[in-house]
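Below is one structure, written out as structure tokens, with a few remarks after it.
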There are 2 protein chains.
Amino acid sequence: MGETATKRDYEAMLRAAGLRITKPRQIILTILLQAEGHPDAAQIFERAVAMDARISLATVYRTMKALEESGAIERHAFGDGPARFEQARSAHHDHLIDIDSGEVVEFADPRLEALQDEIAARLGFEIVQHRLVLYGRRRARDDG
Amino acid sequence: MGETATKRDYEAMLRAAGLRITKPRQIILTILLQAEGHPDAAQIFERAVAMDARISLATVYRTMKALEESGAIERHAFGDGPARFEQARSAHHDHLIDIDSGEVVEFADPRLEALQDEIAARLGFEIVQHRLVLYGRRRARDDG
DNA sequence: AATGCAATTGATAATCGTTTGCATAAACCC
DNA sequence: GGGTTTATGCAAACGATTATCAATTGCATT
């Protein structure tokens, strides 16, 4: 699974989208590649500033949008807070949020997709995209 | 299906939550009960002003929060726009958004819930809540 | 390596939806 | 009706994101 795309891969995506490989973008890509989980713009900015103090938040946002549009990353908006990002992977997956810890667990199940397609079809629609977030709580090992 | 809760029902919920039945709240409740679809705060405010010019947007927001917390309404955040509200109904349902028109279609399918429970269980979680939004496009009747 | 020009940047103001602080004005209980 | 307590309106504050704009930079070309 761990299809680790390299920084060079992402640079190629940028080039393909007609975008320039600037220093801020390289820094942000580096951060994205190293990042675990689903950082938000502020977190990315914070790490970027550590690498180059002159980077601005606006550039982070602009870069995230560019990367999103060129398909390199995905944007999620769990609940109400700020948007969070993750590297785009080939396989679609959804998210389960641990409501106690905030932890984000990823999962995928083709039956879900099939069922959704069926439901949409019955309503006369074709699904273009979907968003499923489960909010759950770790099941007690109940020993009490 | 149309389990139409009455204004009195909602007032009882407010009282139960230790809240006062004020004129602004009565107006907002009336609007909510009459509303079709999923109005946002600005729309509710607009209609409220028509009934009492002195109502403020802040009160709309505060009332929506109070109603949400007392379980009378549900708050949804489709995509990026403003939060939208609907009366809480007994039966859970999800939403399909027509990406061309913005129309919101409601649907429910017990198989979805079952599948989600199963997936969560496999990950060691118990689902407390979930949010599924399908984004689709009306299927062409293809005559062209 | 210098040049030209469009793309990109940083800084900051602006925007949007939403929340909050505060003084005043209702609700509610007796 | 009076006294508390809570809710209101207004306006300012807020957080996330986008727009503006002059200054800088990437990069294809010389």
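Scope of the values below: all heavy atoms of this structure, side chains included, with no hydrogens, waters or symmetry mates.
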May I have the distance from [X] (atom [atom1]) to [N] (atom [atom2]), rounded to whole angstrom?
| X | N | atom1 | atom2 | answer |
| --- | --- | --- | --- | --- |
| F45(B) | dC16(C) | CZ | P | 16 Å |
| L19(A) | dT25(D) | CG | C1' | 15 Å |
| I27(B) | dA27(C) | CD1 | P | 11 Å |
| Q43(A) | dA16(D) | CD | P | 11 Å |
| E11(B) | dA27(C) | CD | P | 12 Å |
| L14(A) | dA7(C) | CG | C1' | 13 Å |
| M64(A) | dT9(C) | CE | P | 13 Å |
| Q26(B) | dA26(C) | CD | C1' | 12 Å |

For [N], take OP1 and OP2 only and decide whether either is under 4.0 Å from a side-chain N or O of [X].
| X | N | result |
| --- | --- | --- |
| T22(B) | dT8(D) | yes |
| Y61(B) | dT18(C) | yes |
| S56(A) | dT9(C) | no |
| R25(B) | dT8(D) | yes |

**Message:** For A41(B) and R15(B), find the nucleotide of DNA chain C closest to each by heavy atoms; which residue's nucleotide sits nearer the 5' end?
**Reply:**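 Its nucleotide being nearer the 5' end, the pick is A41(B).
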**Message:** I want to confirm an ordering. Mapping R62(A) and K65(B) to their closest nucleotides on DNA chain C, which one lands closer to the 5' end?
**Reply:**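 Counting from the 5' end, the first nearest nucleotide belongs to R62(A).
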The side chain of [X] is closest to which nucleotide in this list: [options]?
| X | options | answer |
| --- | --- | --- |
| T59(B) | dA27(C), dT8(D), dT12(C) | dT8(D) |
| L57(A) | dC10(D), dG26(D), dT17(D) | dT17(D) |
| R20(B) | dT17(D), dT18(C), dT6(D) | dT6(D) |

**Nearest-nucleotide comparison on DNA chain D, the residue closer to the 5′ end among R84(A) and K23(A)** =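 First, find each residue's nearest nucleotide; the 5'-ward one identifies R84(A).
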**Prompt:** Can you name the closest pair of heavy atoms from I119(B) and F107(A) and give their distance?
**Reply:**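 Distance-wise, the nearest heavy atoms are CG2-CD1, 3.6 Å.
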**Request:** Quick one: closest heavy-atom pair of A120(A) and I127(A), and the distance?
**Result:**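 Here A120(A) and I127(A) meet closest at CB-CG1, 3.4 Å.
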**Prompt:** Can Q129(B) and H92(B) be counted as having a side-chain donor-acceptor contact under 3.5 angstrom?
**Reply:**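 The criterion, which ignores hydrogens and geometry beyond distance, is not satisfied for H92(B) and Q129(B).
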**Request:** Report which part of the nucleic acid A83(A) touches: base, sugar-phosphate, or nothing (heavy-atom distance under 4.0 Å, all strands).
**Result:**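 Contact class for A83(A): sugar-phosphate only.
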**Message:** Would you say CZ of R122(A) has more than 12 non-hydrogen atoms from neighbouring residues, nucleotides or ligands within 6.0 angstrom?
**Reply:**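 Count over threshold, so yes.
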**Asked** Heavy-atom count around K23(B) NZ within 6.0 Å, excluding the residue itself: above 12?
**Response**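 At most 12 heavy atoms, drawn from other residues, nucleotides or ligands, come within 6.0 Å of this atom.
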